[in-house]
Asker: 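Take this structure, written in structure tokens, and hold onto it; I'll ask about it next.
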Amino acid sequence: MTEATLLVTLPFLAALAAAAHPRAAARWGGAATLANAVLAALLVQDVLADGAGATGIGGWTAPLGIALAADGLAALMVAMTALVGAGVALHAADWSLRAAADARRTRLRTGFWPLWLTTMGAMNALFLSGDLFNLYVAFEILGLTAVGLTALSGGRTALRAAFDYLGAGLAGSLLLLLGVALAYAAAGRVDLAVAGTLAGTVEGRIALALVLAGLAVKAALFPLHFWMPAAHASATPAASALLSALVVKAALYVALRLSLEAGAGAGTLRAALAAAGAAAMFWGAWHALRAERLKMLVAHSTVAQVGLMALALGLSEDGVPWQAAALLMLSHALAKAAMFLAVGRIAEELGHDRISGLNREDLRPGAAEFAFAIAAISLIGLPPSAGFVGKWLMMEGLIDGGAWPWVAVVLAGTALSAAYLARVVSRCLRGGPHVAPGARRPPWRTGDVAALGLAAAALALGLGSALPLALLERTLT
Amino acid sequence: MPVFDILTATGAVFCAAIALGARDRVAAIAGFLLMGLVVALAWVRLGAPDVALAEAAIGAGLTGALLLRGAARIGPLEPAAPPARALRASAALLALGLAGLLGWAFAGAGGASVYPALVRASLAESGVGNPVTAVLLNFRAWDTLLEVVVLAVALLLVAALAPPRIDPAPLGEMVLPFARVVVPVAVLLAGHLLWLGAEAPGGAFQAGAVLAGGAVALGLCGVLRPAERTGAALRIAGLAGPALFVLAAIATAALTGGLLDYPAAAAKTWILVIESALTLSIAATLFLLFLGSEGKSR
């Protein structure tokens, strides 16, 4: 459990150091992100070798104390955060280096690292926590850092989006807190194991519904997603990647955890999740099909993908194994981070991010476009990507359960995601007479490695999906 | 006592209505301040003096100062068009329905809390005699650590996003006699609350808020005007408390093998050291939040 202890403390320490010593912020950030990746790998190895483990923080056992619990699901999420974080940090470090000459960007350059490191620590603390109230506190950190990451680019639209995000996030937090308070009133304790008791009474189910409503705001689940496209589209590429790939996953993870703990009693709530998820898939896809700007398209695709994950979570009574939702979360995190980084690079090269202006005669597609295409494969769910494995598990369960209407919904959502992502990919694929003979190629940047690496990881994870599945077997349910 | 209870309950709702409904910004903030004080009274009546102290010091005192400061900085705004009547009516209906449902659910929720018995049983091992401090800095110290990180993030956000500071003209002669009394009292009171917290109501958050109140008085009369260097020092002070808390957590893990598992018999010393650092940090953070931004002023 040493890894778990360090995973929840070192990021905060590094964040404070980076804030106190802004000139070395990037160095603190890089070192801490690297250390976090090593610790996450060690934690995965530990859980694979010895199974799940839990300790009471302060030596007090739950419910008096707070449990620090590392099981397969938690370890997978910690590893996901570490992997995506490493990619985004590489991109941000490269960007910091190039922006160093620009004095106006100092705030952006130094402000990013403490916020990212705190986000990382809060995500780790959240995944490893075994206490409902403690989860609420972790969400408080996450909500504030996410607002900061949105606002960091400093533009008028970014500030406006950050303010709306703050409002929505606070409303979500209040719902969550209300739910925790009612859970305490109904069951007399607030450790996570209480979910099973809560599902047995009407008051307890209302408490769970309040918690899930708060989580739905934070995960941007339709119809509570209104704040998200603007926030994710107006942040800097690194911040968008973190927000879209990781921060929304925190809420989905807690929903999955609660659903596992609550068991069969939470059937109505899961049905509501499934309905909202299905609606989100179509709503997000519709807006992604009509988006004029690249970043808006990618942000709306997150709305649709969050819907798919909520659907996978909500259909567990229809035969979908919960592992499907976890795999979809993992693959979406990798692919969406790659996609936002790629989009940032494309916009930088073109000078704009209008989709209609993507095919230009004097510029050949480069590494960023390639990364976008690979990430799209995973998001649509084509083999051999991790997205495919997740969707396959889901479809297999639905077909075995004979839930044909849901099969149709998932297939329609898949076709729509292929359609809106093809709007971008098809424009990048055009070559031949369309591109002038003397067209230049965008130069290579270290940041391209991050986008390509994350996209390739999403693809390769499909081939190596035995590892996450073996890890998920060691989950405490 | 029922008369007192009814008065506080209706008073809180009435003040909240003023805060929401008043057209004048300062009147709305005054309503909010009053509500904080009435709610603090309600906490006393509910037998939670620790929460009452925190509510009065932070909820009513410093939040009010922050709001007044913010209201003055925003300047005049165009009043937004009120939403359509149908929208307002449906929002009111929805809120009433939710409130009714919640009232029903809370009234029917009959789970007996497991915590009072558990806290009583372990209080002797916690190193302190005040059960609230025992929960906040021993049994659930991990929650408190994360809360302190929240405060540090708020400080970072203000530092990163706030526009250059505007220094109001010091009130000088007007406030000096007031400050001469208030500042030493604030320092004494903060130390008292901090020391008392181990055995009686009080603790780092309350002491930090009172200390910050003293600093605000000094700031208003123009004695404490952070230039670039003092601003940076305040910022370091604000970040030092959380850093020390995290370091203490790592140190306990190294010493006893458990995160925040204080070495046996030394729990009180650890808790007092952590609380003292947090008091200074919280005071510095709240004062910087009041100033709006450290360093450069316009």
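In what follows, chains are A, B, ... by sequence order, proteins preceding strands, each numbered from 1.
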Asker: Highest number of heavy-atom pairs under 4.5 Å with chain A: which of Ala253(B), Gly258(B), Ala112(B)?
Answerer: Ala112(B)

Asker: With a 4.5 angstrom heavy-atom cut-off, could you sort out which part of Leu118(B) is near chain A: side chain, backbone, both or neither?
Answerer: both

Asker: Tell me whether Phe106(B) at atom CZ has more than 12 heavy atoms from other residues, nucleotides or ligands lying less than 6.0 Å away.
Answerer: yes

Asker: Using a cut-off of under 4.5 Å for heavy-atom pairs, which of Leu239(B), Asp143(B), Leu102(B) has the most such pairs with chain A?
Answerer: Asp143(B)

Asker: Counting only heavy atoms closer than 4.5 Å, note whether Ala141(B) contacts chain A via side chain, backbone, both or neither.
Answerer: neither

Asker: Kindly check if the number of other-residue, nucleotide or ligand heavy atoms within 6.0 Å of CZ (Arg25(B)) is above 12?
Answerer: yes

Asker: Are Phe12(A) and Val148(B) close enough that some pair of their side-chain heavy atoms sits under 4.5 Å apart?
Answerer: no

Asker: With a 4.5 angstrom heavy-atom cut-off, is it the side chain or the backbone of Leu151(B) that approaches chain A, or both, or neither?
Answerer: neither

Asker: For Leu16(A) and Phe245(B), run side-chain contact (heavy atoms from CB on, under 4.5 Å): C-alpha distance rounded to whole Å, both residues' side-chain angles, the deciding distance at 0.1 Å, then the answer.
Answerer: CA-CA 11 Å; Leu16(A) 293 165; Phe245(B) 203 168; over 6 Å; no

Asker: What part of Ala15(A) is in contact with chain B, defined as an atom under 4.5 angstrom from a non-hydrogen atom: side chain, backbone, both or neither?
Answerer: neither

Asker: Ignoring hydrogens, what is the shortest heavy-atom contact between Ala105(B) and Glu203(A)? Give both atom names and the distance.
Answerer: O-CG, 3.2 Å

Asker: Tell me, out of Gly148(A), Ala185(A), Ala186(A), who's got the most heavy-atom pairs with chain B below 4.5 Å.
Answerer: Ala185(A)

Asker: Does CH2 in Trp28(A) sit with more than 12 non-hydrogen atoms of other residues, nucleotides or ligands closer than 6.0 Å?
Answerer: no

Asker: Looking at every non-hydrogen atom in both residues, tell me the closest pair between Leu13(A) and Ala243(B) and how far apart they are.
Answerer: CD1-O, 3.8 Å

Asker: Taking every heavy-atom pair that is under 4.5 Å apart, which of Gly59(A), Pro114(A), Pro63(A) has the most such pairs with chain B?
Answerer: Pro63(A)

Asker: How close do Gly58(A) and Asp261(B) get, counting heavy atoms only, and between which atoms?
Answerer: O-OD1, 3.5 Å

Asker: In terms of heavy-atom proximity below 4.5 Å to chain A, should Leu156(B) be classed as side chain, backbone, both, or neither?
Answerer: side chain

Asker: Give the minimum heavy-atom separation between Ile236(B) and Ala20(A), together with the two atoms involved.
Answerer: CD1-CB, 3.8 Å

Asker: So which residue, Leu210(A), Thr145(A), Leu64(A), Ile141(A), ends up with the most heavy-atom pairs under 4.5 Å with chain B?
Answerer: Leu64(A)

Asker: Give the member of Leu259(B), Leu260(B), Val150(B), Val246(B) that has the highest number of heavy-atom pairs under 4.5 Å with chain A.
Answerer: Leu259(B)

Asker: Restricting to non-hydrogen atoms, name the atom on Asp191(A) and the atom on Tyr115(B) that form the minimum distance, rounded to 0.1 Å.
Answerer: N-OH, 4.2 Å

Asker: Where does the angle between the aromatic ring planes of Phe139(B) and Trp60(A) fall among parallel (under 30°), tilted (30 to 60°) and perpendicular (over 60°)?
Answerer: perpendicular

Asker: Go through the atoms of Ser122(B) and report whether side chain, backbone, both or neither lie under 4.5 Å from a heavy atom of chain A.
Answerer: both

Asker: With chain B as the partner, which of Ala19(A), Ala187(A), Gly65(A) has the greatest number of non-hydrogen pairs under 4.5 Å?
Answerer: Ala19(A)

Asker: Indicate yes or no: at least one non-hydrogen side-chain atom of Ile250(B) is less than 4.5 angstrom from one of Leu10(A).
Answerer: yes

Asker: Could you check if a side-chain atom of Arg140(B) sits within less than 4.5 angstrom of a side-chain atom of Val190(A), using non-hydrogen atoms only?
Answerer: yes

Asker: Examine whether an atom of Leu157(B) lies under 4.5 Å from a heavy atom of chain A, and if so say whether it belongs to the side chain, the backbone or both; otherwise answer neither.
Answerer: side chain

Asker: State, with a plain yes or no, whether a side-chain heavy atom of Val8(A) is found less than 4.5 Å away from one of Trp142(B).
Answerer: yes

